[in-house]
Amino acid sequence: MGKWYVVWHGRTPGVYSTWEEARQQVEHFPGARYKAFLTREAAQQAFEARSPNDSDLPASQLPVTALPDKVRRGYAVDAACNSITKEMEYRCVRIADKQEVFRRGPFPDATNNVGEFLAIVHALAWLRQQGSTAPVYSDSMIATFWIAEGKCRTRLPRTDRNAELFERIARAEQWLAENDYCNAVLKWRKDEWGENPADFGR
RNA sequence: ACAU
DNA sequence: GTATGT
Ligand SMILES: [Mg+2]
Ligand SMILES: [Mg+2]
């Protein structure tokens, strides 16, 4: 038995019997909402609701309004590092509306984990300056460990090109040592909430 | 293995 | 497929 595909939001919303047809409605359609069901009846019923129940959507399509309140009040950080060029950048967005609040980089001769670490510290400093105690979400286990330790445990070798980066790492560690912050640093639960809203999409 |  | 990390 083939699956049935509901397209709530796409070029032509409807119930489709093949992925071939359904994909043409949703591919390259930003914000598309769609999901496969096992039976035609289940698909039809879901489609007739006109708008998908959050519980029907895969995590990748969850609207921010479906997130827990505590999460919606927070900020998300993420880093991107090209594994060929070793160029890294990082940024932070307000989760409620995905508005970018800062972005830094690119930094040469870096690593993903250094970027994830610097992003969190920068967010903590920025939030303190804003007088905000909102939580910071990162999808990086490594960086959240390093924050808890107050130490960036990178194995990245120093080069002539990453002196500024190591300077930033030192300043970040110093900031952690000298400042108390009450913002929680929490794991972004990709499995439950979908992609990190600060993700670079690369 | 887990998270990137 | 590559690399960063616990
Ligand atoms: Mg990340
Ligand atoms: Mg990302």
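These numbers come from the heavy atoms of this one structure, side chains and all, not from hydrogens, waters or symmetry mates. Here is the naming used below: chain letters follow the sequence lines, and residue numbers restart at 1 for every chain.
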Nucleotide [N], atom [atom2] - distance to [atom1] of [X] in whole Å:
X	N	atom1	atom2	answer
A/Tyr137	B/A3	OH	P	18 Å
A/Lys151	C/dG5	NZ	P	13 Å
A/Glu195	B/A3	CD	C1'	13 Å
A/Asp139	B/U4	CG	C1'	6 Å
A/Asn113	C/dG5	CG	C1'	5 Å
A/Arg189	B/U4	CZ	C1'	16 Å

Taking only side-chain N and O atoms of [X], does any of them lie within less than 4.0 angstrom of OP1 or OP2 on [N]?
X	N	value
A/Trp146	C/dT6	yes
A/Ser138	B/U4	no
A/Arg155	C/dT6	yes

Nucleotide N/O to protein N/O under 3.5 Å, stretch nucleotides 1-3 of chain C:
residue: C/dT2; atom: O2; partner: A/Ser83; partner atom: OG; Å: 3.3

Do the side chains of A/Trp19 and A/Tyr5 get nearer than 4.5 Å, heavy atoms only?
yes

A/Asp109 side chain to A/Thr159 side chain, donor-acceptor N/O pair below 3.5 angstrom:
yes

Are a donor atom and an acceptor atom from the side chains of A/Gln174 and A/Glu178 found within less than 3.5 Å of each other?
yes

Which part of the nucleic acid, if any, lies within reach of A/Thr144 when heavy atoms closer than 4.0 Å are counted: base, sugar-phosphate only, or nothing?
nothing

Does A/Arg158 make a cation-pi contact with A/Phe166, if we ask for NZ or CZ under 6.0 Å from the ring centre and within 45° of the axis?
yes

Go through the steps for A/Gln45 and A/Glu41 under the test side-chain hydrogen bond (donor to acceptor under 3.5 Å, both in side chains), then give the verdict.
CA-CA 6 Å; A/Gln45 189 170 0; A/Glu41 292 69 30; over 6 Å; no

Minimum-distance nucleotide to A/Lys187 side chain [options: C/dG5, B/C2, B/U4]:
B/U4

Between A/Phe29 and A/His9, does the ring centroid distance fall short of 6.0 Å?
yes

Let me see the working for A/Val121 and A/Trp126 under side chain to side chain contact (heavy atoms under 4.5 Å, CB included), right down to the final yes or no.
CA-CA 8 Å; A/Val121 180; A/Trp126 185 84; over 6 Å; no

